[in-house]
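These notes concern the structure reproduced below.
Below, all heavy atoms of this structure are taken into account, side chains as well, without hydrogens, waters or symmetry copies. Throughout, a chain's letter reflects where its sequence line sits, starting with A, and its residues are numbered from 1.
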There are 2 protein chains.
Amino acid sequence: MVMTAPLADDDLLALRLRALAHPARLAILRALAAGGKCQCGHIVRGLSLAQSTVSQHLKVLKEAGLIAGTIEGPRSCYGIDREAVASLAREIGPLLEHFAAEPPACATRTPDARESALV
Amino acid sequence: MVMTAPLADDDLLALRLRALAHPARLAILRALAAGGKCQCGHIVRGLSLAQSTVSQHLKVLKEAGLIAGTIEGPRSCYGIDREAVASLAREIGPLLEHFAAEPPACATRTPDARESALV
DNA sequence: ATCGTTTATCGTCGATGGACGATGAGGGCA
DNA sequence: TGCCCTCATCGTCCATCGACGATAAACGAT
C-alpha cells in the first residue's frame with residue numbers, strides 16, 4: 001500500500017538515497033565492497049581526495065547507516081552494513097518498480113497532451 | 001590505483017539518485033504514479049508547496065530523465081518515464097546487492113569487532 | 001617518554017540546493 | 001477582445017554541501 005502521505009518515511013529514504021547520491025560515496029562503497037580497503041587511508045589513496053574529505057564522506061555514510069565504522073585507536077576498519085544496504089535495496093526496488101508500473105490515466109507519455117477528462 | 005573505479009558512470013548514477021533523494025520529489029513521483037495528477041497545479045495542491053517550488057522539482061526530475069513533461073499551452077501533463085525509472089531500478093538494484101554481497105574480509109587489521117559500533 | 005602513523009574534527013571558503021514571490025508567456029472562455 | 005487560469009522562469013535569500021588545510025586525539029613502536 002503506497003500511501004500518498006508524505007511521511008517521515010520519505011525523509012528517511014531520501015536521507016539514505018542522498019548519502020548514496022555522490023560519486024565519491026559510491027566509489028567508497030565500491031572500494032569497501034571490493035574488500036581490503038577498510039582503512040580510511042587506503043580509500044584516500046584510491047580516490048585522490050583529501051583525507052578529511054574522505055573522512056567526511058565516511059561520516060555521511062555512517063550517519064545514513066550504510067556503513068559501520070569500527071574505530072579503535074589509530075586505525076579504523078569500515079565495513080558496509082550489509083543488512084542496511086539490503087534493506088535499502090528492498091525498499092527502493094519495489095518503489096521504483098511501482099513508479100514504473102502502469103499508469104491509471106492521463107496519457108503517460110503522449111507527445112501531444114490530449115487531456116480531457118483529468119479529474 | 002588498484003580499483004578506483006573512476007567511471008563517469010557514477011556521476012550519472014549519482015545524478016539520478018540525487019534527483020530521487022528529496023522528499024518532495026518522491027512525493028511528486030508518488031503522485032504521478034498514483035495517476036490523475038499529471039498537472040502541476042494538482043501536485044501543488046497535494047504538496048502544500050509553492051507552485052514555483054514544485055515546478056523546480058519537476059524540472060529537476062525532468063533533467064534527470066525520470067519524468068517527461070508534455071507542455072502545450074496553459075496546461076502541462078507530466079508523466080513518469082517508466083523506461084528510465086525501470087532502467088535506474090535495474091542499475092541500482094544489482095549495485096546495492098553487490099554492496100551487500102560477500103564480505104571479502106578486512107585483511108589489514110582484523111579486529112574481532114567487525115560488525116557493531118552502531119554508536 | 002617521545003616519535004610516527006592514522007584518523008576524526010574544526011574552521012573556512014566557494015558552490016549549490018531549496019524555498020519563495022513576482023513576472024511573463026500561452027491558451028481557453030465568455 | 002478582454003479576462004482568467006496555468007505554468008515556467010527569474011531573482012533573491014538562507015541553509016547546506018563539498019572540498020580543503022590545520023589541528024588534536026589515540027595508539028604502536030622505539
Side-chain angles (χ1 to χ4, degrees), chain A residues 6 10-11 14-28 31-32 36-64 67-79 106 112-119, chain B residues 10-11 14-28 31-32 36-64 67-79 106 108-111 113 117 119:
Chain A
D10 275 0
D11 288 335
L15 183 81
R16 289 183 287 173
L17 284 176
R18 188 173 201 75
L20 220 56
H22 195 286
R25 251 114 60 184
L26 284 175
I28 288 176
L32 288 178
K37 296 255 192 170
C38 39
Q39 289 191 22
C40 179
H42 296 166
I43 304 173
V44 168
R45 267 164 237 126
L47 287 188
S48 68
L49 277 177
Q51 177 265 327
S52 56
T53 303
V54 171
S55 191
Q56 195 69 18
H57 283 307
L58 286 170
K59 186 180 179 182
V60 171
L61 287 170
K62 184 160 60 176
E63 283 179 353
I67 67 176
T70 303
I71 153 183
E72 73 163 73
R75 280 160 224 284
S76 65
C77 182
Y78 281 100
C106 184
D112 297 335
R114 33 174 62 259
E115 69 297 277
S116 37
L118 267 185
V119 173
Chain B
D10 276 359
D11 288 334
L15 182 81
R16 288 184 286 173
L17 285 176
R18 188 174 201 77
L20 221 56
H22 195 285
R25 251 115 62 184
L26 285 176
I28 288 176
L32 287 179
K37 296 254 193 169
C38 40
Q39 289 191 23
C40 180
H42 295 168
I43 304 172
V44 168
R45 279 182 275 284
L47 285 188
S48 70
L49 277 177
Q51 178 265 327
S52 55
T53 304
V54 172
S55 191
Q56 196 69 19
H57 283 307
L58 286 169
K59 185 180 180 184
V60 171
L61 286 170
K62 185 160 59 176
E63 283 179 352
I67 68 175
T70 303
I71 152 185
E72 90 161 56
R75 283 162 222 285
S76 65
C77 182
Y78 282 100
C106 177
T108 345
R109 179 115 161 86
T110 72
V119 180

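- The distance from atom CD1 of B/Ile28 to atom P of D/dC7 is 12 Å, rounded to the nearest whole Å.
- Taken from OG1 in B/Thr53 to CG in B/Leu47, the straight-line distance is 10.0 Å, to the nearest 0.5 Å.
- End-to-end axis angle for the helix from C/dA1-D/dT30 to C/dA30-D/dT1, using five pairs per end and rounding to 10°, comes out at 10°.
- In this structure, the separation between CD1 on B/Ile67 and CG on B/Leu58 is 5.0 Å, given to the nearest 0.5 Å.
- Distance NZ (B/Lys62) to P (D/dA8): 6 Å, rounded to an integer number of Å.
- In this structure, A/Cys40 SG and A/His57 NE2 are separated by 11.0 Å, a value rounded to the nearest 0.5 Å.
- Atom CG of A/Leu20 is separated from atom P of D/dG18 by 13 Å (rounded to the nearest Å).
- Dashed line: the shortest gap from a side-chain N or O of A/Tyr78 to OP1 or OP2 of C/dA8 is under 4.0 Å.
- Taking CG from B/Leu20 and CZ from A/Arg18, the interatomic distance works out to 12.0 Å, rounded to the nearest 0.5 Å.
- Summarising the geometry, the separation between NZ on A/Lys59 and C1' on D/dA19 is reported as 15 Å, rounded to the nearest angstrom.
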- [ ] Any chance you could list the contact pattern along nucleotides 14-22 of chain C? Use B for base contacts, S for sugar-phosphate-only contacts and - for none, protein heavy atoms under 4.0 Å, 5' to 3'.
- [x] ----SSBBB

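- Put simply, OG on B/Ser55 and CG on B/Leu49 are 12.0 Å apart, with the number rounded to the nearest 0.5 Å.
- Scanning all heavy atoms of the two residues, the minimum distance from B/Leu61 to B/Ala19 falls at CD2-O, 3.8 Å.
- For A/Ile67 and C/dA8, the CD1 to C1' distance is 13 Å, given to the nearest whole Å.
- In this structure, the separation between CG on B/Asp10 and NE2 on A/His22 is 11.0 Å, given to the nearest 0.5 Å.
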- [ ] Output, in order, the C-alpha distance, side-chain angles, deciding distance and verdict of side chain to side chain contact (heavy atoms under 4.5 Å, CB included) for A/Leu15 and A/Asp11.
- [x] CA-CA 6 Å; A/Leu15 183 81; A/Asp11 288 335; over 6 Å; no

